[in-house]
Amino acid sequence: MAITTGIKGFNDILPNQVEKWQLIEATARRVFGIYGFSEIRVPIMEKTELFARSIGDATDIVEKEMYSFTDKGENLVTLRPEGTAGVMRAFIEHKLQVLDPVTKLYYLGPMFRYERPQKGRSRQFHQIGAEVVGVTNPRVDAQLLVMLCHFFTDLGLTEPTLQINSLGCPDCRPAYRASLKGFLLERLERLCDDCRRRMETNPLRALDCKVAGCGETTADAPSVLDHLCQGCDDHFVAVRRHLEATATPFTINSRMVRGLDYYTRTTFELVTGLLGAQSAVAAGGRYDGLIQELGGPALPGIGFAMGVERVALLLADRETGRSPDLFIAAHGEAAGDEAFRLMIQLQRQGFWVEIDYEGKSLKSQMRRADKLKARFTLIIGEEELLTASGMLKAMATGVQVASPLDPSLLAEALSCS
RNA sequence: GUGGCUAUGGUGAAGCGGUUAACACUUACGACUGUGACUCGUACAUACGUGGGUUCAAAUCCCACUAGCCACCCCA
């Protein structure tokens, strides 16, 4: 394959798209900041074992989607397929719990999963995620969800809707799982091949199978929510109560399934119908056992991650708002030197100034000034050079006035109007 | 890993066995006044993903490969 072709599933984000990305990132930083979150930056590679332990050995991510390899020191390393594992590793390694009993972190950056690319999915993709460590109280679950909704509202995206569920805990989930498995076993012949396979790996998945027959078959399957232990039930009820108290719209989806093993209790997704097969724009949940499982203190955690590509897809393309303050059109070599000198001086004062670098005709330069949507154009020719005075033209009105070739006076002219 | 669809310039595309491979945008130069937008003119695919085949003749038909897209699986 030609070396000028990128790797499958690894996409360039061109300048016109980057504007959107910057808006998403800036909104996240701003909104998450309001809720007291601090950014953490962790490496994009970790020991393979970390992901296997946290995400779960039997998950598809670990089984077949990781970019894993042996480095030159014979270490088994993996390009992060998600963010939580690395952040929790850093939390434990640096004992962040001693700084504050409540740790609120957010991160953003590329993740890697070897999957077949399709709409809203690529092999290198980007997530923005947030995690809270140290709080069991359901108020923090609600707050995290409110923050997530706040973020989307600020971006002008009201379409994705919040769905929540509870997955129970290690005390009550096994019983539910057994109950569901029993239910499915009785109806084995009505399930699709995939669901039969899921029986062993993860029976919960049968609940969101897209095959029509399976949907009907599992319509009256036992619900997790009926099998929650007292603690989990109380927790879930409280989360719902707090969401209602803060007027945060949500629906309960007891059939929602998560792909990572570490989730407990509250799980949630922000779903949209506008992204083809990819309905989840952001998703997450509580992971009360993860930190201890990784060898850290017994602290609870909850977090979410959103797919930046998916958010960007939902955002309408926006016009590039930026345009130069001034274009200096020069006629002749000496004028070109003067234009260059003025440009640098004005740039040092913070103005965006453009010039022509190739000695093009005045007409060409004016055309370019227009195309760049420069607010002003300063025209310098031989005559102007003699009097040290150029013509300053306001492009919108076409009005032009003589203006001394003086950076501070020009700066003044650019600042007003 | 499995399936379906598609592959023409920088972009969007016409073309359906014999055309100078339309048209539009973009870009470059020029005309209209040393000075942009509108208008007009000129230029820009030895070439139709790659490799084979059928035919007097293929961008147009057939095969293989590759890539992209969408979907399954799974997931943010």
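Atoms considered below: every heavy atom in the structure, side chains included; atoms not considered: hydrogens, waters and symmetry mates. Remember, predicted model here, so these are calculated numbers, not experimental data. Note on naming: letters A, B, ... go to the chains in the order of the sequence lines (proteins, then strands), and numbering restarts at 1 for each one.
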Would you call [X] and [Y] a salt bridge, using N to O less than 4.0 angstrom?
X        : Y        : answer
A:Arg29  : A:Glu39  : yes
A:Arg258 : A:Glu269 : yes
A:Arg53  : A:Glu49  : yes
A:Arg255 : A:Asp208 : no
A:Asp194 : A:Arg197 : yes
A:Glu115 : A:Arg121 : yes
A:Glu93  : A:Arg89  : yes
A:Asp141 : A:Arg265 : no
A:Arg368 : A:Asp356 : no

Scan every strand shown for a Watson-Crick or G-U wobble partner of [N], both distances under 3.5 Å, and answer none if you come up empty.
N     : answer
B:C38 : none
B:C25 : B:G10
B:G4  : B:C69
B:A59 : none
B:C74 : none

- Query: Could one point to a donor on the side chain of A:Arg116 or the base of B:C73 with an acceptor on the other under 3.5 Å away?
  - Reply: no
- Query: Does A:Arg310 make a side-chain donor-acceptor contact with the base of B:C75, cut-off 3.5 Å?
  - Reply: yes
- Task: Could you grab the distance from atom CG of A:Leu207 to atom CG of A:Leu184, nearest 0.5 Å is fine?
- Result: 7.0 Å
Within this structure, what is the [atom1]-to-[atom2] distance between [X] and [N], rounded to whole angstrom?
X        : N     : atom1 : atom2 : result
A:Asp356 : B:A28 : CG    : P     : 11 Å
A:Lys8   : B:C65 : NZ    : C1'   : 13 Å
A:Glu65  : B:C73 : CD    : C1'   : 9 Å
A:Asp261 : B:C75 : CG    : C1'   : 14 Å
A:Arg205 : B:C73 : CZ    : P     : 10 Å
A:Glu115 : B:C72 : CD    : P     : 12 Å
A:Phe10  : B:A67 : CZ    : P     : 15 Å
A:Met306 : B:A76 : CE    : C1'   : 10 Å

Considering only atom [atom1], compute the distance from [N] to [M] and round it to an integer number of Å.
N     : M     : atom1 : answer
B:A59 : B:U54 : C1'   : 16 Å
B:G18 : B:A57 : P     : 14 Å
B:A28 : B:G3  : C1'   : 47 Å
B:A64 : B:U2  : P     : 16 Å
B:C48 : B:A14 : C1'   : 12 Å
B:G9  : B:A45 : C1'   : 5 Å
B:A58 : B:A47 : P     : 15 Å
B:C29 : B:C70 : P     : 38 Å

Have a look at [X] and say if it touches a base, only the backbone sugar-phosphate, or nothing, with a 4.0 Å heavy-atom cut-off.
X        : answer
A:Thr59  : nothing
A:Leu260 : sugar-phosphate
A:Arg121 : base
A:Ala280 : sugar-phosphate
A:Gly276 : sugar-phosphate
A:Thr377 : nothing

- Message: Side-chain N or O of A:Gln118 versus OP1/OP2 of B:C70: is the shortest distance under 4.0 Å?
- Response: no
- Query: Counting just side-chain N and O atoms, does A:Thr5 come under 4.0 Å of either OP1 or OP2 of B:A67?
  - Reply: no
- Item | Where protein sits on nucleotides 31-40 of chain B, one letter per nucleotide: B base, S sugar-phosphate only, - none, heavy atoms under 4.0 Å | -B-BBBB---
- Query: If each of A:Ser279 and A:Pro117 is mapped to the nucleotide of RNA chain B with the nearest heavy atom, which maps nearer the 5' terminus, i.e. the 5' end?
  - Reply: A:Pro117
- Item | Along RNA chain B (nearest heavy atom to each residue), the more 5'-positioned of A:Gln127 and A:Asn11 | A:Asn11
- Task: Taking only the side-chain heavy atoms of A:Arg197 (C-beta and beyond), determine which of B:A76, B:C73, B:C70 contains the nearest atom.
- Result: B:C73
- Where the side chain of A:Ala277 is concerned, which of B:C73, B:A71, B:G30 is the nearest nucleotide? B:A71
